[in-house]
Structures are given as structure tokens and as C-alpha cells.
Amino acid sequence: MSTPAIHITVLGSGTSSGVPTIGCTCAVCSSTDPRDKRLRPSILLQYEGHNVVIDTTPDFRQQVLRAGISHLDAILYTHAHADHILGLDDVRPFNFRQRESIPVYGTTDTLAALQRVFCYAFDEKIESMVPKLDLRRMDETPFELFGVEFAPIRLEHGKGTVYGFKFGAAAYLTDHSEIPEKSLTQLQELDVLFLDALRYKPHPTHSTVENSLKVVERLKPRRAFFTHICHDLPHQATNASLPENVRLCYDGMKLEFEI
Ligand SMILES: [Zn+2]
Ligand SMILES: [Zn+2]
Ligand SMILES: [Zn+2]
């Protein structure tokens, strides 16, 4: 069997408030470089004709329109913070076109949060057009999705727990302050590694440029991409200061790798 290629599109590379940030006139928020415009954090994976998104941000509608996709096969959730889930209602046009529920993967806690926030989607008395979702509980056991294995990777996000995903030789680790030792052992010999790098200044629930560079040094992926970026990091100047194999993500960035 030939190994499939996975195409990744960065749908959003920004932190929870997005960049530009409402009301801010700093150099990055007023930059004309399109790579300094960051929607909320999410990626699209495309392989063998399937479209899978990790998280549905408040910008989900705009992100899928921009990516030009007309069907959606599954959603994987890292955690239930607002910047990662609030676009979920906008899967309705996919439901309508596909005439079926969309598989949604998350932990017990994440799925419970979705059922609270989007309670109307799970209320059988409501007959109007609501998102149709097929909730699939995940734990730390790897699962298969359209022929590719996804391994949930446990991360610490301040006092909370978040899951990154490893698929083939790539891993997407957003929203973390710490990667537990056991998870680090699962991240060897990667081609592509996405890491949270909010800014330079320390933050209680997010990694920094300095800290994520240490992770890159330890894990030695072939390529690393920083995401969940706030308005402290101008794209071009920050990239120029990073090692050759480490780049800031930008919205619309595409890459490809063999599984
Ligand atoms: Zn976040
Ligand atoms: Zn700003
Ligand atoms: Zn978060």
C-alpha cells in the first residue's frame, strides 16, 4: 500500500483574541504584512480526499471559506476553550450538503463542554437547523481516522489538560505551558512539529518562543512551526531571528508530508 501524503493548511495562527487585537494600535496590529493578520488557532488536514480540522475557532466560517473546502469529514478537539470551539455552529452547511452528522472527537471533559455550550444541538425537541454531530469520546489511546492513526498527546495548559495530536511524522501541539516527560517520549523523529509560542514574555498557560525553542532543541524535528501567536511577534522580524528549521506559522500557510 502506498503511503498517503497529508496536506496541512494553517487556518489560523493567532492567540485567543486574534491579531489585530480589538482597539490596539501597536506595530503588529497595524502592520500591512498579511502574515501579521492572525485568526484564531486551527489547522486543516487533507488526505485521500478527506478534510479534517483540528478545532473550530470563532473564525471557522471565514477560515473554511478561505480554504475553499466544500465538505468536512471530522473535527478533532484539543480542548474546550472559547477560541477553539466557538465556530462549531457553522458546520451546519456541511451537514446540509452531506446529509449526515459530522464525527467529533474529544475527551469526556471536552465533549461535556460542547454539550453545555451548544446545548440546542443536542436537544431532540428542537427541529430547526442545528449542527448534527456524532460525538466520539477519546482518551489517550490512538485511534484511526480514514486510514491514518491519530495519537492524542497530553499537555499541560496551566492547571488544565489539553491534547495535542500526533499523526504520522507530524504533531500539532497548541495551548500548552508544559509538555509532560511521557509525552515528550512520544514525539521523537518528527518531520513536522507545531508548537504553541505565544510571545517572549512568560505566561501562566502558554509556551514562549524561548521555551518552544528548547523543545525543538530537545526533540530535533526536521521542521518546527510556532503558532497561537499574539501581537508581540512581528512575522518577518521574528522569523529572521529564529533558527533555519523553525518558522512562525501564518494564516494560509501550507505544507505537505508523507505519513
Ligand atoms: Zn487557545
Ligand atoms: Zn497590538
Ligand atoms: Zn486554551
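All ligand and atom numbering here is 1-based and tracks the order in the structure. Heavy atoms only: backbone and side chains are in, while hydrogens, waters and symmetry mates are out. Predicted, not measured: the structure shown is a model, and the values here were computed from it. Residue numbers start at 1 and run along the sequence shown.
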TODO: Kindly confirm whether the Zn ion (ligand 3) is within less than 2.8 Å of some N/O/S atom in His79?
DONE: yes
Open item on the list: If I compare all heavy atoms of Thr227 with all of Ser13, which pair ends up nearest, and what's the gap?
Closed with: OG1-CA, 3.5 Å
Task: Nearest non-hydrogen partners of Tyr77 and Leu88, listed with the distance - done: OH-CD1, 3.4 Å
- [ ] Nearest 10° is fine: what angle sits at the Zn ion (ligand 2) between SG from Cys24 and SG from Cys29?
- [x] 110°
- [ ] Determine which of the N, O or S atoms in Asp83 is closest to the Zn ion (ligand 1) and give its atom name.
- [x] OD2
Open item on the list: Looking only at the side chains, is there a donor atom on one of Ser207 and Asp196 sitting less than 3.5 Å from an acceptor on the other?
Closed with: no
Open item on the list: Quick check: of its N, O or S atoms, which one does Asp175 have closest to the Zn ion (ligand 3)?
Closed with: OD2
Task: Centroid-centroid under 6.0 Å between His84 and His228 rings - done: yes
Open item on the list: Looking only at N, O or S atoms in His81, which is nearest to the Zn ion (ligand 3)?
Closed with: ND1
TODO: Using a cut-off of strictly less than 2.8 Å, determine whether His84 has an N/O/S atom near the Zn ion (ligand 1).
DONE: yes
- [ ] Measure the spacing between OH of Tyr200 and OG1 of Thr208 and express it to the nearest 0.5 Å.
- [x] 10.5 Å
Open item on the list: Restricting to N, O or S atoms, which atom of His231 is closest to the Zn ion (ligand 2)?
Closed with: ND1
TODO: Could you verify whether a donor N or O on one side chain and an acceptor N or O on the other, from Glu156 and Thr161, lie under 3.5 Å apart?
DONE: no
